[in-house]
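Worksheet: the structure to be examined is printed underneath.
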Amino acid sequence: MSVSLKAALVQMQVQPKICDSLSLAESFIKKASAAGADLVLLPEMFCCPYQNKNFPLYAQREGEEIWLELSRMAREQNLILAAGSVPERDEDGKIYNTAYVFDRQGNQIAKHRKMHLFDIDVSGGQSFRESDTLTAGNSITTFDTEFGVMGLCICYDFRFPELSRLMVERGAKVILVPAAFNMTTGPAHWEILFRTRALDNQVFTLGAAPARDPSSGYISYGNSIAVSPWGDVLDRLGADQEMLVCTLELDRVAQVRRELPLLAHRRKDVYTLIENR
């Protein structure tokens, strides 16, 4: 019997107040639930305007208001909630860019702290240094669901091919990416990256970004996207606030890997990729 996953990618406008962003996210999650979605993916920093000065101000501990509200939404709407990412403060006061995932009962089933910090200075384009306020995580994140194993990373993490391959080595058939590419990197690399990672690993790749706000200090490219294991763009949004709902036929992963057996043809006698645990 074929396995289908109905996924909703939320491209929402980040609000100045946490409570307003949570309320807006919940309105989309309810719409996704009504549409029969099994999984909802929110954008990177969906409840914090994306600027270094804001990360410490908006940061909360795991188990505080943001976490509790997200858990409740997943439980009440009976879906898997990959809750974008939020600024998280640990017990030592360090700040992380953190993604939580909740199951249909509202239990946390995954947590990923962004491993690769976005420190860039593109000539004639965007400059940003996440390391000025954020601390890097150190864990590769996969999690089990009723649909099989999924992988999770955040934005800049996705540029590093080793990370996606290691998630696939763990059995991931879908890679979830809350992200916020900007108006320099987005037009240049967004679609290429999602199609390339899908092709290289023969998995579904899903990316959710904030809606574009030209008045903000950091302008998101938007263009939330879903790509198949064959590299086809299944659906893609533009710049505005909206939601993408698509059905992933997960048996397609096995079919593509059988017809074009890239993973089986790797020369492990010549090269290997090792996860440092």
Can you tell me how far apart CD (Gln51) and OG1 (Thr133) are? Round to the nearest 0.5 Å.
11.0 Å
Consider only side-chain N and O atoms of Asn97 and Ser85, and report whether a donor and an acceptor are under 3.5 Å apart.
yes
NZ/NE/NH1/NH2 to OD/OE distance under 4.0 Å, Glu69 and Arg72:
yes
Please enumerate all residues that pass side chain to side chain contact (heavy atoms under 4.5 Å, CB included) together with Ser139, with sequence neighbours excluded.
none
Using the rule that Ile, Leu, Val, Met, Phe, Trp and Tyr join whenever any side-chain heavy atoms are under 4.5 Å apart, tell me whether Leu273 and Leu199 fall into a single cluster.
no
Applying side chain to side chain contact (heavy atoms under 4.5 Å, CB included), can you list everything that pairs with Glu275, at least two apart in sequence or on another chain?
Ile140, Leu166, Arg170, Arg277
State which residues pass salt bridge (Lys or Arg N to Asp or Glu O under 4.0 Å) with Asp132; sequence neighbours excluded, sorted by chain then number.
Arg129
Check Ala32 against Ala8 and note the closest heavy-atom contact, atom names and distance.
CB-CB, 3.6 Å
Please list every donor-acceptor pair under 3.5 Å in which a side-chain atom of residues 149-157 meets a protein atom from a residue at least two apart or in another chain.
from: Asp157; atom 1: OD1; to: Met115; atom 2: N; distance (Å): 3.1
from: Asp157; atom 1: OD1; to: His116; atom 2: N; distance (Å): 2.8
from: Asp157; atom 1: OD1; to: His116; atom 2: ND1; distance (Å): 2.8
from: Asp157; atom 1: OD2; to: His112; atom 2: NE2; distance (Å): 2.8
from: Asp157; atom 1: OD2; to: Met115; atom 2: N; distance (Å): 3.4
from: Asp157; atom 1: OD2; to: Ile154; atom 2: N; distance (Å): 3.2

Please name all residues satisfying ring-ring contact (aromatic ring centres under 6.0 Å, His included) with Tyr96, sequence neighbours left out, ordered by chain then number.
none
Short side-chain to backbone donor-acceptor contact, Thr205 and Phe194, under 3.5 Å:
yes
Test of understanding: clusters of I, L, V, M, F, W, Y form through side-chain heavy atoms closer than 4.5 Å, transitively. Do Leu176 and Leu5 belong to the same one?
yes
Is the closest side-chain heavy-atom distance between Leu234 and Leu244 below 4.5 Å?
no
Check whether any side-chain heavy atom of Val174 sits under 4.5 Å from a side-chain heavy atom of Leu250, and report yes or no.
yes
If you take all heavy atoms of Ser4 and Thr247, which pair is closest and at what distance?
CB-CG2, 3.9 Å
Indicate yes or no: does Glu64 engage Arg89 in a salt bridge with an N to O separation below 4.0 Å.
no
Who else is in Tyr271's hydrophobic cluster (ILVMFWY, side-chain heavy atoms under 4.5 Å, direct or via others)?
Val270
Hey, quick one: are Phe158 and Trp190 part of the same hydrophobic cluster, counting side-chain heavy atoms closer than 4.5 Å, chains of contacts allowed?
yes
Could you check whether any side-chain N or O of Glu44 sits under 3.5 Å from a backbone N or O of Ala180, counting only pairs where one atom can act as donor and the other as acceptor?
yes
Determine, step by step, whether Tyr218 and Asn54 satisfy the side chain to side chain contact (heavy atoms under 4.5 Å, CB included) criterion, reporting the C-alpha distance in whole Å, the side-chain angles of both residues, the deciding distance to 0.1 Å, and the verdict.
CA-CA 12 Å; Tyr218 181 97; Asn54 290 329; over 6 Å; no
Rounded to the nearest 0.5 Å, the CD atom of Gln15 sits from the SG atom of Cys48 at a distance of 12.5 Å
Heavy-atom distance under 4.5 Å between the side chains of Ile80 and Val101, does that happen here?
yes
Distance col, row Leu206:CG vs Leu248:CG, nearest 0.5 angstrom, shows 5.5 Å
So do the side chains of Leu260 and Trp230 get within less than 4.5 Å of each other, counting heavy atoms only?
yes
In short, Pro229 meets Val256 closest at the heavy-atom pair O-CG1, 3.8 Å
Could I get the full list of salt bridge (Lys or Arg N to Asp or Glu O under 4.0 Å) partners for Arg267, not counting sequence neighbours?
Asp269
Let's go through Arg61 and Glu91 carefully: what are the C-alpha distance in whole Å and the side-chain angles of both, what is the deciding distance for side chain to side chain contact (heavy atoms under 4.5 Å, CB included) to 0.1 Å, and is it a yes or a no?
CA-CA 8 Å; Arg61 297 277 298 273; Glu91 60 277 5; 3.8 Å; yes
Those residues at least two apart in sequence (or on a different chain) that pass side chain to side chain contact (heavy atoms under 4.5 Å, CB included) with Val14 are Ser21, Pro49, Pro210
Tell me whether Ser224 contacts the main-chain N or O of Ala209 through its side chain, where contact means a donor paired with an acceptor under 3.5 Å.
yes
Which atom of Thr145 lies closest to which atom of Gly148, heavy atoms considered:
OG1-O, 2.8 Å
Rounded to the nearest 0.5 Å, how far apart are OG of Ser164 and CZ of Arg159?
12.5 Å
Take atom NZ of Lys173 as the centre, draw a 6.0 Å sphere, and report whether it contains more than 12 heavy atoms from other residues, nucleotides or ligands.
no
How about Thr185 and Asn182: does a side-chain donor come under 3.5 Å of a side-chain acceptor?
yes
Measure across Leu9 and Ala226 and return the closest heavy-atom pair with its distance rounded to 0.1 Å.
CD2-N, 4.4 Å
Heavy-atom closest pair (Glu88 atom, Ala59 atom, distance to 0.1 Å) is C-CB, 4.2 Å
Determine, stepwise, if the pair Lys114 / Leu134 fulfils side chain to side chain contact (heavy atoms under 4.5 Å, CB included).
CA-CA 9 Å; Lys114 192 173 187 178; Leu134 297 178; 5.7 Å; no
Among residues at least two apart in sequence or on other chains, which ones pass salt bridge (Lys or Arg N to Asp or Glu O under 4.0 Å) with Glu169?
Arg266
Heavy atoms, side chains only, cut-off 4.5 Å: are Ser71 and Gln108 in contact?
no
Run the side chain to side chain contact (heavy atoms under 4.5 Å, CB included) test against Ala239 and tell me which residues pass, sequence neighbours left out.
Arg212
Verify whether one side chain among Asn223 and Glu191 offers a donor that lies under 3.5 Å from an acceptor in the other.
no
Atom pair CZ (Arg165) and CG (Asp200), whose distance is rounded to the nearest 0.5 Å
6.5 Å
Take Phe204 and Ser228 through the test side chain to side chain contact (heavy atoms under 4.5 Å, CB included) and record every step on the way to the result.
CA-CA 5 Å; Phe204 288 95; Ser228 81; 4.2 Å; yes
With sequence neighbours left out, write down each residue that passes salt bridge (Lys or Arg N to Asp or Glu O under 4.0 Å) with Asp103, or none if nothing qualifies.
none
Are Pro161 and Arg197 close enough that some pair of their side-chain heavy atoms sits under 4.5 Å apart?
yes
Mind checking who shares a hydrophobic cluster with Val10, ILVMFWY linked at side-chain heavy-atom distances under 4.5 Å?
Met12, Ile18, Leu22, Leu24, Phe28, Ile29, Val40, Leu42, Phe46, Leu57, Tyr58, Ile66, Trp67, Leu68, Leu70, Met73, Leu79, Leu81, Val86, Tyr100, Phe102, Met243, Val245
CG-CG distance between Leu263 and Asn201, expressed to the nearest 0.5 angstrom:
7.0 Å
Student check: side-chain heavy atoms of Tyr50 and Glu130 closer than 4.5 Å
yes
